[in-house]
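Encoded as structure tokens, the structure appears first; notes follow it.
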Amino acid sequence: MLSRHQLIDQIKRKKTFLCIGLDPDIEKIPAFLHQYADPVLEFNKRIIDATKDLCVAYKPNAAFYESKGIKGLQSLIDTYKYLPKECLSIIDAKRGDIGNTSDQYAQAFFNEEVTGMGFDAITITPYMGNDSVTPYLKYEGKWVIILALTSSVGSKDFQYLNTEHGHLYEAVIQKANTWAGADRIMYVVGATKSEEFTNIRKYAPDNFLLVPGVGAQGGSLEDVCKYGITKDCGLLVNSSRGIIYASNGEDFADAARAEALKLQVQMEEELEKASVI
Ligand SMILES: O=c1ccn([C@@H]2O[C@H](COP(=O)(O)O)[C@@H](O)[C@H]2O)c(=O)[nH]1
């Protein structure tokens, strides 16, 4: 469990708001790792060891594990167990279903005694509304991270539709703010949508925003900070492929560290500029 207060403390202490995405594709991980019983776990462990002082969160995306069946699920459980306790652990599962089904998803990712996984936070699609989100909030201290404005090209299909409360993504934020406060709810906003951050801060002045899309998707960290940073930082900027696949040789963990370090240095500058540190 990681509270808002602990998250902000960690950001100030480590001078970073980097979230590293653990999206291991068996086709892309270095060949020499295939000699290990669980190559994915070995890959993740070495990435974590090489980067844990440079980031405040790790975000395994469930798809990369679920696509491998039982072995993948075991890799996810063992990766969860290996994550440093001081870092926010986010399962990027993008779940969303009726209440009793959401209860099962919440148990799957939050109830460590039952499943071996007790992530601090989960990503949720808000399309089905209140009853698809509130079951996760029953787990005291856990975070729900709601998709608001995604980094994807397809975000324009629904998220910009006009409603009586503004664009659909604005209506999502206004409604979700009535379910819990900024100590329990974060929003996903893509780095590729930096022009919308000022607007989003009108509705979510205090919420942390999980921001994917820097690195492989071409989003600008500088622009995200220009329009999105708050006095408490309020940002978790994710990079997955840009860090974990920096090299596919034996030096992959060092190369990942070098990429993470570049982002950490930029983040430290932004934190200073915004007087967070
Ligand atoms: O709007 C969204 C929501 C989630 N994601 C996820 O974040 C990472 C991004 O990976 P990169 O390799 O850094 O592009 C990945 O797990 C996505 O599923 C997103 O990209 N956009």
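Heads up: numbering here begins at 1 and tracks the sequence. When a ligand or atom number is given, it counts from 1 through the structure's own listing order.
- Taking the six-membered ring where the residue is Trp, the centroids of Y169 and Y160 are separated by under 6.0 Å.
- Checking Y80, Y139, W143 one by one against F110, the ring pair (Phe, Tyr, Trp, His ring centres under 6.0 Å) holds for a single residue, Y139.
- Ring geometry for Y127 versus F158: interplanar angle of 30 to 60°, hence tilted.
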Mind listing the N or O contacts between ligand 1 and protein, cut-off under 3.5 Å?
residue  : atom   : partner : partner atom : Å
ligand 1 : 1 (O)  : S151    : N            : 2.8
ligand 1 : 1 (O)  : S151    : OG           : 3.4
ligand 1 : 7 (O)  : K59     : NZ           : 3.3
ligand 1 : 10 (O) : S240    : OG           : 3.2
ligand 1 : 12 (O) : R241    : N            : 2.9
ligand 1 : 12 (O) : R241    : NE           : 2.6
ligand 1 : 13 (O) : S240    : N            : 2.9
ligand 1 : 14 (O) : Q217    : NE2          : 2.8
ligand 1 : 14 (O) : R241    : NH2          : 2.8
ligand 1 : 16 (O) : D23     : OD2          : 2.7
ligand 1 : 16 (O) : K59     : NZ           : 3.2
ligand 1 : 16 (O) : N61     : ND2          : 3.0
ligand 1 : 18 (O) : N61     : ND2          : 3.0
ligand 1 : 20 (O) : S151    : OG           : 3.4
ligand 1 : 20 (O) : Q217    : NE2          : 2.7
ligand 1 : 21 (N) : S151    : OG           : 2.6

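- With hydrogens and angles left out, the side-chain atoms of Q159 and T150 include a donor and acceptor closer than 3.5 Å.
- Between D183 and R4 no salt bridge is recorded (no basic side-chain N to carboxylate O distance below 4.0 Å).
- Between K193 and E196 no salt bridge is recorded (no basic side-chain N to carboxylate O distance below 4.0 Å).
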